Amino acid sequence: MPVKLSKKYLQNFIREDEYASISHQIAAAHTLLENRSGAGNDFLGWLDLPVNYDKEEFARIQAAAKRIRESCDVLVVIGIGGSYLGARAAIEFLNSPFYNQLRKPGTPEILFCGNNISGDYLNDIIAMCGDRDICVNVISKSGTTTEPAVAFRYFRDYLIKKYGADGAKQRIFATTDKARGTLKELSDREGYETFVIPDDVGGRYSVLTAVGLLPIAVAGCDIKRLMQGAADARAAYSVPDMTKNDAYLYAAIRNILYNKGYSMELMVCYEPRFREMNEWIKQLYGESEGKDNKGLFPASVIFSTDLHSLGQYVQDGRRQMFETVVTIDKPVSEFIIPEEKENFDGLNFLAGKPMSYVNRKAFEGTLLAHTEEGHVPNVIVSIDKADEYELGYLIYFFEKTTAVSGYVLGINPFDQPGVESYKRNMFALLGKPGYEDLKKELEARL
Ligand code: PA5
C-alpha cells in the first residue's frame, strides 16, 4: 500500500478493546457512504471521481494546460478555500516550496490570488506580473465569492486592455458551475473556455476536478498518475473492515482520541514541501467537522522548523492534542553533510551522512520525546515518495477519512453553514443592497 498507517505509538493511549468498540460505528458510517444515505449525500461525487470523471473534459484540461504553458510567463490562479488550496498544495508538494523559482523549463510561474481581501497582497501580485504575458484561471463554483470576484474584476479588465477582447478571451479559463452562476454566464457570453465543478463535489473535495487539475497540469505534473493513485486508493479504502482499511482505522483513532478529550489534531511533516498540503488538510478537516459545537481543531507544523517554536508547547504545554505525522520515506534529492577540517562546530560525526538520515533521526527522537515524556499520542502516516501517484492516493485517503470521521462524529461532513455568518455581516457592513436593516443593527453593536 502506498500509504501506510502505524498505530504503534498509540499503545499507551488507546487499548485494543477500544478499537473493537468503535468498529460498529465505523461500519455504520461505511454503510451510510456506500448506500449514499447519510447527511450531505448529494455531495458524494468525490467518492467515484477517480474512476468516473469526464474523460473529454480531462483531455481539454491537458490541452488547455499546454496552451497556457506556451502562451504565458505567469498563470494567475484566482480562487479561495476549496477553489485554490488543493492546487497550490499539489504543485508545491510535487515540485518544491520554491516552485516559481525552480520550476521545470517551459512551465510558467503560478501566482495565487483572490484568496484574501488585502489590497497590499493584490498589488504585490500585480507588481510580480509586471508586463509579462499572463493567463488567468478563475475558479469559483458560485461565481459570487467576494475575494476572487474582486481579483478577477481587475485581471479581466487588465487582459482586455493589454490583449484586446479577443486576445483576453484566449487567456481566461473559468472553472465554475456547469450551468449556473454569474461566472458561468459571463464566460458563455464572452466565450471563455470553461471547466466544470460538478454539482455533487464540494469545494474542499474538489482537488481532483478541473479546480485542481488545470493548475496542476500547467505546472508540468502528470495528472493521469495523480488520478490513478486516487483510483487505486478508492479500491483499497472501499473495504468495510477497518482492520483492513487504514482510512477507516485512522477515522476510528481520531474519534477515539476526540472522545477521550483530545481536542486538537496537529498535522506534522518533516518536509517543507508538505506545508501547503497541511493547509489543504486543515480546510478539509476543519470545514467538514467543525460544527454543532463539535470537532477536532486541526493545526499544523513543519518540523524541525517548528520544533524551535511550537515544539515547546507540544512537549510541555496543556495536554489537549495528538499528532498525525506524515513521513515521506525517500527524499526527492539528497544532500550530503560536508566534512569540516577544523570541526569548529563539532558536527564532523555527521560528515558524509545524508540530510534525510538526520531528518529521520530528528523524527524518531521527537516521536519518543512527545509520546513517552510529553504523553502526546502520535499517529504515523507514511508514503514512500513525493510523486503524483502517491499524492493521488494520499488525497483520497484523507478525503475518505474525513467523510467517515464526520459520520462517526454525528455531523454532516459535506456542508459549511458556518462560513455564511461572516459573509452576511460583511455584506451588511459594506452596504450591499438588501442588507439595510442588518447594517443598522450591526453598526449599533460595534
Ligand atoms: O470548500 C468550500 O466549499 C469553500 O471553501 C469554497 O470552495 C470557497 O468558499 C469558495 O467558494 P466558490 O468556489 O463558490 O467561490
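Remember, it's a predicted structure, so these values are computed and weren't measured experimentally.
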Any side-chain heavy atom of Ile172 sitting closer than 4.5 Å to one from Leu159? yes
Under 4.0 Å between a Lys/Arg side-chain N and an Asp/Glu carboxylate O for Arg204 and Glu287? yes
Ring centroids only, cut at 6.0 angstrom: are Phe297 and Tyr285 within range, meaning strictly under it? no
So does Arg36 pair up with Asp48, basic N to acidic O under 4.0 Å? yes
Short question: side chain of Thr175, backbone of Ile139 - any donor-acceptor pair under 3.5 Å? no
Donor-acceptor pair, side chain of Thr327 and main chain of Asp329, under 3.5 angstrom: no
So, Ser405 and Thr402: side-chain donor and acceptor under 3.5 Å apart, yes or no? no
Do you know which two heavy atoms are closest between Ala428 and Leu442, and how far apart they sit? CB-CD1, 3.9 Å
More than 12 foreign heavy atoms under 6.0 Å from CG of Asn35: is that the case here? yes
With a 4.5 Å cut-off on side-chain heavy atoms, are Phe363 and Val325 touching? yes
Looking at every non-hydrogen atom in both residues, tell me the closest pair between Arg273 and Ser96 and how far apart they are. NH1-N, 4.3 Å
Taking side chain as C-beta onward, heavy atoms only, is Glu441 less than 4.5 Å from Lys439? no
Could you report the tightest heavy-atom contact between Ser140 and Ser83, atom names first, then the distance? CA-OG, 4.3 Å
Let me know which of Val77, Ile134, Asn100, Ile126 forms a side chain to side chain contact (heavy atoms under 4.5 Å, CB included) with Leu111. Asn100
Taking every heavy atom of Ser238 against every heavy atom of Ala235, the minimum-distance pair comes out as OG-O, 2.9 Å
Under a 4.0 Å N-O cut-off, is there an ion pair linking Lys361 with Glu364? yes
Going by an N to O cut-off under 4.0 Å, is there a salt bridge joining Arg254 and Glu289? yes
Has Lys291 got a side-chain atom pairing as donor or acceptor with Asn412's backbone, closer than 3.5 angstrom? yes
So side chain to side chain donor-acceptor pair (under 3.5 Å) across residues 115-126, not counting sequence neighbours, yields none
Below 4.0 angstrom, N of the basic side chain to O of the carboxylate: do Asp54 and Arg60 qualify? no
So, the side chain of Asn52 versus the backbone of Pro50: is there a donor-acceptor pair under 3.5 Å, distance only? no
Tell me, do Ser71 and Cys135 make a side-chain contact under 4.5 Å, heavy atoms counted? yes
Check the pair Gln25, Asn255 against side chain to side chain contact (heavy atoms under 4.5 Å, CB included), reporting the backbone distance first and the verdict last. CA-CA 10 Å; Gln25 290 182 57; Asn255 275 280; over 6 Å; no
For Lys385, give me all partners under salt bridge (Lys or Arg N to Asp or Glu O under 4.0 Å), at least two apart in sequence or on another chain. Asp387
Throw together a table of side-chain donor-acceptor distances under 3.5 angstrom for residues 62-69, partners on residues two or more places apart or in other chains.
residue : atom : partner : partner atom : Å
Lys66   : NZ   : Glu70   : OE2          : 3.2
Arg67   : NH2  : Glu193  : OE1          : 2.7
Arg69   : NH1  : Ala217  : O            : 2.8

Would you please say whether a donor-acceptor pair under 3.5 Å links the side chains of Thr324 and Tyr250? yes
For the residue pair Ser206 and Gly82, what are the closest heavy atoms and their distance? OG-O, 3.4 Å
Is it the case that atom OH in Tyr313 sees more than 12 heavy atoms from other parts of the structure closer than 6.0 Å? yes
Parallel, tilted or perpendicular for Tyr237 and Tyr393, by the 30°/60° rule? perpendicular
Would you call Glu279 and Arg275 a salt bridge, using N to O less than 4.0 angstrom? no
Donor-acceptor contact below 3.5 Å, side chain Asp200 vs main chain Leu44: no
Steps toward side-chain hydrogen bond (donor to acceptor under 3.5 Å, both in side chains) verdict (Lys294, Tyr258): CA-CA 10 Å; Lys294 294 196 263 191; Tyr258 176 73; over 6 Å; no
So, Arg180 side chain and Ser142 main chain: donor-acceptor pair closer than 3.5 Å or not? no
When rounded to the nearest 0.5 Å, the distance separating CG of Asp166 from CZ of Arg171 is 12.5 Å
Would you call Ile78 and Phe155 a side-chain contact if the rule is heavy atoms closer than 4.5 Å? yes
Report the relative orientation of the aromatic rings in Phe303 and His370; use parallel for angles under 30°, tilted for 30 to 60°, perpendicular for over 60°. perpendicular
Under 3.5 Å, side chain of Glu57 to main-chain N/O of Val196, donor-acceptor pair present? yes
Decide, yes or no, whether a salt bridge links Glu185 with Arg189 under the criterion of side-chain N to carboxylate O below 4.0 Å. no
Row check, Tyr435 ring normal vs Arg424 NZ/CZ: under 6.0 Å, within 45°: no
Mind checking whether Tyr192 and Val138 have side chains closer than 4.5 Å, heavy atoms only? no
Polar side-chain atom of Glu276 near backbone of Arg88 as donor-acceptor pair, under 3.5 Å: no
Polar side-chain atom of Thr182 near backbone of Gly143 as donor-acceptor pair, under 3.5 Å: yes
For Lys4, does the NZ atom have more than 12 heavy-atom neighbours from other residues, nucleotides or ligands under 6.0 Å away? yes
Got Pro413 and Tyr407 here, is their nearest side-chain heavy-atom distance under 4.5 Å? yes
Would you say Lys104 has more than 12 foreign heavy atoms packed within less than 6.0 Å of its NZ? yes
Can you pull the salt bridge (charged side-chain N to carboxylate O under 4.0 Å, His left out) pairs that have at least one residue in residues 130-154, sequence neighbours excluded? Glu109-Arg132
Given Tyr205, which partner from the list Tyr396, Phe43, Phe398, Phe414 fulfils the ring-ring contact (aromatic ring centres under 6.0 Å, His included) test? Phe414
Results of salt bridge (Lys or Arg N to Asp or Glu O under 4.0 Å) for Lys244 - residues two or more places apart only: Asp241
When you compare the side chains of Lys184 and Thr176, does any donor N or O come within less than 3.5 Å of an acceptor on the partner? no
Nearest atoms (heavy-atom pairs only) where Leu226 meets Ile216: CD2-CD1, 4.2 Å
Specify whether Tyr53 and Phe58 have parallel, tilted or perpendicular ring planes, treating 30° as the upper limit for parallel and 60° as the lower limit for perpendicular. tilted
Side chain to side chain contact (heavy atoms under 4.5 Å, CB included) for Tyr270 and Thr366? Distances and angles first, verdict last. CA-CA 11 Å; Tyr270 285 71; Thr366 307; 3.2 Å; yes
Taking the side chain from Asn245 and the backbone from Val239, do they hold a donor-acceptor pair closer than 3.5 Å? yes
Does CE in Met355 sit with more than 12 non-hydrogen atoms of other residues, nucleotides or ligands closer than 6.0 Å? no
List for me each residue that meets side-chain hydrogen bond (donor to acceptor under 3.5 Å, both in side chains) alongside Asp232, sequence neighbours excluded, and say none if there are none. Gln228, Tyr389
Do the non-hydrogen side-chain atoms of Tyr163 and Gln170 ever get within less than 4.5 Å of each other? no
